[in-house]
Amino acid sequence: MPGFNSPDAPTPLTSSISPPRPASPPRPASPLRPISPVSPVSPVSPVSPVSPVSPVSPVSPVSVTAGAVEHSIDFIGPQLRARTPERLALYAGVQINGAPHLGTNVMQTAAFLLARAARERFGTPAVVRFGALDNTAYETRRCPATGTLYELSYHHALGPDRVAELVERFYGGLFDALSAATGVPYEVETYTRQQRSRTFREELAASLIRREQLRWVLAPSHGRVPVSFPCPRCGWLQKYGEHTELLSLDSDGARFAAVCLDHGRYVAEAGPGTDAWVGLTTLHRNLVKERVAARDAAMPVIVKGADWAPGCRLVDEAFSYYPDAAAPPRVFTPVILSESGAKLSKTLIREGAAQLSPGTRPWMLDTTAWPGPAGDYAHLLHELVSGMLSEPRHFERGYTTLEVARLVREYGSGTDRDRPPGTSLTGGVPE
């Protein structure tokens, strides 16, 4: 399949991931969440409605949107007025390959606050929909003869129940608290569940039919956009699909032949009504997911960290090859940076190459290391991101961990009087 499965793909680093810790006993889920059931963790400290405060503002330059945008949610205004939807759905991501860092939680908190702002400014109710990326590699191995890389996803390594436990452990308490504080419901759906839907398979087929145009948009340097399928016997897939071959393709779907390192050749079908698990590149997967979201009755709004802006330019251009849908509106959130200016990254943190400033707290790198109650952490994020959203120029920038530490101290000293008795905004973090 030219372009979509080519042998000259680059080789990524192989990483080893430790198995998840045991989860706490389950509790019933609320009606609006999740789509994919999750097993909760221990109860968290409740987050009371946040009183209006005047947080210490960061020092931010005038942004290019000055005079045009009063609140960052106004970026969705043009499509909202054109479509007049009854409901909004804000889409954000959930990584499960280890504990999240602060930057991930800032983006997720912003999704809740932006949904509330949409309700208050436009009168349109909103839900936050999180996509849990259980397609992330849990384990990797290399063919000793050819050097091609094979990987086993979290879904295939752990199964849906243990994936649900990871989602709940890392995010359940925080999302529950932010939902209570903002009045915004949320849902969680794994990639595995979403890619089985008929609409996903239809949009996947539509992208494959346009593959000759899309491959130079989704991979402008080389045009390689592989599609991969796990072996039905062991779950391992060839990451870059070097030996995956497109056998047939029409509007009803596609048939592929692939090769397993252990079990040889097999055939997979990826059309509506089929259930073969499909592995896609990051930009291809996001294009298909956003095309699916555009078919929903709720108007989609894509919420991502600002580091996603270059990739979203390509996804937006890919939309232009479809006659029936415009790209959804997007809101980019502040990125948390290391001392060097690089964004916080799980890979760099794990490798000890993150170049962190002396003021970086352990919980900024691993939010499960927060020393206080989970409710305090949710309240901190609520106030911290509310400050960022207070003016577009504070939202359209990045923050070093050193600056975040300063804001946490100043928010704490300026707003403790508004907090419930016995709680501390800084969660007991030592100065």
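Note that the coordinates shown come from a computational prediction; the quantities given were computed from them, not determined experimentally.
To the nearest 0.5 Å, atoms NZ (K343) and CD1 (I336) are separated by 10.5 Å. Here the straight-line distance linking atom OG1 of T281 with atom NZ of K239 works out to 9.5 Å at 0.5 Å rounding. Atom CG of L287 is separated from atom CD of E203 by 8.0 Å, given to the nearest 0.5 angstrom. For the atom pair E383 CD and T109 OG1, the distance stands at 12.0 Å (nearest 0.5 Å). Once rounded to the nearest 0.5 Å, the distance linking CZ of F256 with OG of S248 reads 9.0 Å. Rounding to the nearest 0.5 Å gives a distance of 13.0 Å between CG of L90 and CZ of R116.
Annotation: cation-pi geometry not satisfied between R129 and Y186 (NZ/CZ under 6.0 angstrom from ring centroid, within 45° of ring axis).
The backbone N or O of G93 sits less than 3.5 Å from a side-chain atom of Q108, completing a donor-acceptor pair. Judged by distance alone, with hydrogens and angles left aside, the side-chain atoms of N286 form no donor-acceptor pair with the main-chain N or O of K289 at under 3.5 Å. Although no hydrogens or angles enter the test, the distance criterion places no donor-acceptor pair under 3.5 Å between the side chain of T190 and the main chain of D134. H155 contributes no side-chain N or O that, together with a main-chain N or O of T192, makes up a donor-acceptor pair within less than 3.5 Å. With T367 contributing its side chain and P100 its backbone, the two residues share a donor-acceptor pair below 3.5 Å. Within the 3.5 Å criterion, the main-chain N or O of Q194 finds a donor-acceptor partner in the side chain of S197. Side chain of Q238 to backbone of E242: a donor-acceptor contact under 3.5 angstrom is found. Using modelled atom types, no side-chain atom of S179 and backbone atom of D176 make a donor-acceptor pair closer than 3.5 Å. Of the possible donor and acceptor atoms, none in the side chain of S228 sits under 3.5 Å from a partner among the backbone N and O of L237. Without hydrogens or angle criteria, Y266 side chain to F229 main chain gives a donor-acceptor distance under 3.5 Å.
W236 has its ring centre no less than 6.0 Å from the ring centre of H156. Taking the six-membered ring for Trp and the full ring otherwise, the centers of W216 and Y321 sit at least 6.0 Å from each other.
A111 and A92 make their closest contact through CB-CB, 4.4 Å (heavy atoms, listed as atom of the first residue, atom of the second, distance). Heavy-atom minimum distance, Y399 versus P58: OH-CG, 3.4 Å. The shortest heavy-atom contact between A132 and V167 is CB-CG2, 3.9 Å. Heavy atoms only, all atoms of each residue included: L280 and R285 are closest at O-NH1, 3.4 Å. Of all non-hydrogen atoms in L204 and A270, the two that sit nearest each other are CD2-CB, 4.0 Å. Listed here is the closest heavy atom pair of P185 and V127: O-CG2, 3.4 Å.
In summary, E410 and R406 engage in a salt bridge, as defined by a charged side-chain N under 4.0 Å from a carboxylate O. A salt bridge is defined here as a Lys NZ or Arg NE, NH1 or NH2 lying under 4.0 Å from an Asp or Glu carboxylate O, and R87 with D296 fails to meet this definition. Between R330 and E290 there is a salt bridge, since a side-chain N of the basic residue sits under 4.0 Å from a carboxylate O of the acidic one.
Within the 4.5 Å cutoff, the side chain of E339 has no heavy atoms near those of the T400 side chain. At a threshold of 4.5 Å between non-hydrogen side-chain atoms, the residues L402 and T360 do not count as touching. Side-chain contact between P220 and L314 is present, with heavy atoms from C-beta onward closer than 4.5 Å. By the 4.5 Å heavy-atom criterion applied to side chains, M364 and V404 are counted as neighbours. Using a 4.5 Å heavy-atom threshold, the side chains of E245 and R265 count as touching. Within the 4.5 Å cutoff, the side chain of L174 has heavy atoms near those of the L381 side chain. Using a 4.5 Å heavy-atom cutoff, the side chains of W370 and L102 are not in contact. In this structure the side chain of T148 never reaches within 4.5 angstrom of the side chain of R142, judged on heavy atoms.
Residues S340 and S338 have side chains that bring a donor and an acceptor to within less than 3.5 angstrom of each other. Donor-acceptor pairing under 3.5 Å is recorded for the side chains of Q195 and R201. Side-chain atoms of H284 and S207 include a donor-acceptor pair closer than 3.5 Å. Side-chain polar atoms of N97 and Y138 form no donor-acceptor pair below 3.5 angstrom.
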Check: Going through the distances and angles, do R291 and D324 end up as a salt bridge (Lys or Arg N to Asp or Glu O under 4.0 Å)?
Finding: CA-CA 10 Å; R291 289 277 302 170; D324 57 345; 3.2 Å; yes

Checklist line | Chi angles and distances behind the side chain to side chain contact (heavy atoms under 4.5 Å, CB included) call for V227, L208 | finding: CA-CA 10 Å; V227 179; L208 295 176; 4.1 Å; yes

Next item on the list: With side chain to side chain contact (heavy atoms under 4.5 Å, CB included) as the test, would you mind laying out the steps for F75 and T65 before giving the verdict?
Entry: CA-CA 10 Å; F75 283 108; T65 63; 3.8 Å; yes

Checklist line | Candidate pair L88 and I76, rule side chain to side chain contact (heavy atoms under 4.5 Å, CB included), full reasoning | finding: CA-CA 10 Å; L88 296 174; I76 77 169; 3.7 Å; yes

Note to self: Working note: F130 + F175, criterion ring-ring contact (aromatic ring centres under 6.0 Å, His included); need CA distance, chi angles, decisive distance, verdict.
What the structure shows: CA-CA 10 Å; F130 291 104; F175 290 175; 4.1 Å; yes

Margin query: Using the rule given for side chain to side chain contact (heavy atoms under 4.5 Å, CB included), can you reason through K304 versus Y91, listing the C-alpha separation, both sets of side-chain angles and the distance that settles it, and then say yes or no?
Written below: CA-CA 8 Å; K304 291 183 180 291; Y91 290 84; over 6 Å; no

Using residues 117-125 as the side-chain source, report each donor-acceptor pair under 3.5 Å to any protein atom, sequence neighbours left out, with the distance given to one decimal.
residue, atom, partner, partner atom, Å
R119, NH1, T182, O, 3.3
R119, NH1, G183, O, 3.3
R119, NH2, T182, O, 3.0
R121, NE, D74, OD1, 3.0
R121, NH2, D74, OD1, 3.4
R121, NH2, D74, OD2, 2.9

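Using cut-offs of 30° and 60° on the angle between ring planes, the pair Y377 and W363 is perpendicular.
In the displayed structure, R295 atom CZ is contacted under 6.0 Å by more than 12 heavy atoms of other residues, nucleotides or ligands.
A side-chain hydrogen bond (donor to acceptor under 3.5 Å, both in side chains) with S63 is found for one member of R393, H394, E396, E391 and no other, namely E396.
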